[in-house]
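One structure is given below, encoded as C-alpha cells.
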Amino acid sequence: MQAFLIGLQFLTRICVVKQTVWTEEGFGKSVRYFPLVGAVLGCIYALVAWLATDLLPQFGVILPHHLLNVLFVAMPVILTGGIHCDGFMDTVDGIFSGRDRERMLEIMKDSCTGAFGVVAFVLLMLFQYGAVSDVPVEALPAALFVMPIISRMMMVFTITIYPYARKEGMGKAFSEYTNKRTLGVVFLYGLALVIPWGINALIAVLVSLLFTTCFCNFVTKKIGGVTGDVYGAVCTLCELLVMIAFTCKIPF
C-alpha cells in the first residue's frame with residue numbers, strides 16, 4: 001500500500017496520505033502500481049466527461065463544446081502537475097539537439113526548457129485537442145478512462161525493457177526494482193482494466209506498444225538508454241495515441 005501511495009503522490013497532485021519519507025526501495029517498487037495510479041486519474045477524467053456530456057445535458061445544461069475539450073486536455077496536465085510534460089520537453093530538447101551523447105544528457109537535465117521543447121509541447125497540445133474533439137461524445141468517458149492506464153503501462157514497459165542511460169538519477173531506482181515478472185503482472189491487470197472498453201481500447205494498447213518500442217529503440221541508439229524524462233515523453237505521447245485510436249471507427 002505504501003508503494004502505491006508513493007506512486008500516487010509522485011505521479012499526481014493527489015495526496016491521500018502525505019509520504020514524507022521515501023526509501024529507494026519503496027520508490028522503486030511503486031512502478032508496479034503505475035497503471036493503478038492511471039486508473040485513479042482515469043476515473044476522475046471519465047467522471048468529469050460523463051457529467052459534462054451526459055448527465056448535465058439531461059437537465060438542460062449544455063456546456064460549450066470547445067471549452068469542454070480544453071478542459072479534457074488540461075485535466076491531465078493539472079492533475080499530474082505537468083511532470084510528464086516536463087519530461088517530454090526535456091527529451092525533445094536533448095534528443096533532437098544534434099549534439100553528442102553527453103551533451104544530450106546535459107541538455108535533458110537542464111532545468112531551463114529550450115525553444116524546441118516549447119514548440120513541440122504546443123504542437124502536442126494542439127494534436128491532443130484535435131484528437132479529443134474527434135472522439136465521439138459517447139466514447140469520451142471510455143477513452144479518458146483508459147488513456148492514463150495505457151500510457152503508464154507503457155512507462156513500465158520502458159522502465160523494464162530499456163537500460164537507464166545515467167549512472168545515477170531518480171529514474172534509476174525505478175529500473176533497479178523492476179523486472180520482467182513485474183512487467184507481466186502489470187500488463188495482466190492493466191489489460192483487465194482496459195479490454196472491457198472495446199476494440200478501440202485494444203487497438204490503443206497495440207499501437208502504443210509499437211510506438212514505445214520504436215521510440216525507445218531510437219532514443220537508446222542516441223544516448224545509450226532511457227532516462228526519467230524519456231519516461232515522461234512516452235507517457236504524454238501514448239496518451240495522444242490512445243485518443244487518436246478512439247477517433248477511429250471500427251466496422252466490427
Legend entry - salt bridge (Lys or Arg N to Asp or Glu O under 4.0 Å) contacts in which one or both residues fall within residues 234-248, not counting sequence neighbours: Arg152-Glu239

Legend entry - Mutual orientation of the aromatic rings belonging to Phe174 and Phe34 [parallel < 30°, tilted 30-60°, perpendicular > 60°]: perpendicular

Inset, instruction - Would you please classify the geometry between the Phe145 ring and the Trp197 ring as parallel, tilted or perpendicular, with 30° and 60° separating the classes? - result: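 Because their plane-to-plane angle lies in the 30° to 60° range, the rings of Trp197 and Phe145 count as tilted.
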
What's the spacing between [X] [atom1] and [Y] [atom2] if we round to 0.5 Å?
X: Leu193; Y: Leu36; atom1: CG; atom2: CG; value: 6.5 Å
X: Cys112; Y: Met89; atom1: SG; atom2: CE; value: 12.0 Å
X: Ile83; Y: Thr236; atom1: CD1; atom2: OG1; value: 12.0 Å
X: Leu5; Y: Ile14; atom1: CG; atom2: CD1; value: 11.5 Å
X: Asp90; Y: Met104; atom1: CG; atom2: CE; value: 14.5 Å
X: Ile150; Y: Cys235; atom1: CD1; atom2: SG; value: 11.5 Å

Decide whether [X] and [Y] meet the rule of one side-chain donor and one side-chain acceptor closer than 3.5 Å.
X: Asn179; Y: Thr182; result: yes
X: Asp229; Y: Thr91; result: no
X: Tyr129; Y: His66; result: yes

Atom of [X], atom of [Y] and distance for their closest heavy-atom approach:
X: Thr160; Y: Lys180; value: CG2-N, 3.8 Å
X: Leu144; Y: Ala49; value: CD1-CB, 3.6 Å
X: Ile149; Y: Gly190; value: CG2-O, 4.3 Å
X: His65; Y: Ser133; value: NE2-O, 4.3 Å
X: Gly224; Y: Pro163; value: O-CG, 3.9 Å
X: Val31; Y: Val156; value: O-CG2, 3.5 Å

Legend entry - Connected hydrophobic set around Leu55, excluding itself, where side chains approach under 4.5 Å: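 Its cluster mates, by chain and number, are Leu47, Trp50, Leu51, Phe59.
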
May I ask whether [X] and [Y] are part of the same hydrophobic cluster, defined by side-chain heavy atoms of I, L, V, M, F, W, Y residues being less than 4.5 angstrom apart, directly or through others?
X: Val48; Y: Ile62; answer: no
X: Phe218; Y: Val234; answer: yes
X: Leu240; Y: Val119; answer: no
X: Met75; Y: Leu63; answer: yes
X: Phe121; Y: Ile107; answer: no

Quick one: does [X]'s side chain get under 4.5 Å of [Y]'s, heavy atoms only?
X: Val242; Y: Ser208; answer: yes
X: Val205; Y: Val194; answer: yes
X: Ile78; Y: Arg13; answer: no
X: Tyr45; Y: Phe72; answer: no
X: Arg103; Y: Asp100; answer: yes
X: Leu183; Y: Ile161; answer: yes
X: Val230; Y: Met108; answer: yes
X: Val185; Y: Arg32; answer: no

Legend entry - CA sep, side-chain torsions, deciding dist, call: Val186, Tyr33, side-chain contact (heavy atoms from CB on, under 4.5 Å): CA-CA 8 Å; Val186 164; Tyr33 299 107; over 6 Å; no

Inset, instruction - Apply side-chain contact (heavy atoms from CB on, under 4.5 Å) to Phe246 and Ile203, showing your working. - result: CA-CA 9 Å; Phe246 272 84; Ile203 290 173; over 6 Å; no

Legend entry - Whether over 12 other heavy atoms sit under 6.0 Å from Phe4 CZ: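 Correct, the count exceeds 12.
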
For [X] and [Y], indicate whether the former's side chain and the latter's backbone hold a donor-acceptor pair under 3.5 Å.
X: Thr247; Y: Ile244; answer: yes
X: Arg101; Y: Ile223; answer: yes
X: Asp86; Y: Gly82; answer: no
X: Ser151; Y: Pro148; answer: yes
X: Tyr162; Y: Phe157; answer: no

Legend entry - Ionic contact status for Glu106 with Lys109, cut-off 4.0 Å: no

Inset, instruction - Run the numbers on Phe211 and Cys238 for side-chain contact (heavy atoms from CB on, under 4.5 Å), then give the verdict. - result: CA-CA 8 Å; Phe211 166 78; Cys238 286; 4.2 Å; yes

Inset, instruction - Apply side-chain contact (heavy atoms from CB on, under 4.5 Å) to the pair Thr12 and Val40, showing each step before the final yes or no. - result: CA-CA 10 Å; Thr12 75; Val40 172; over 6 Å; no

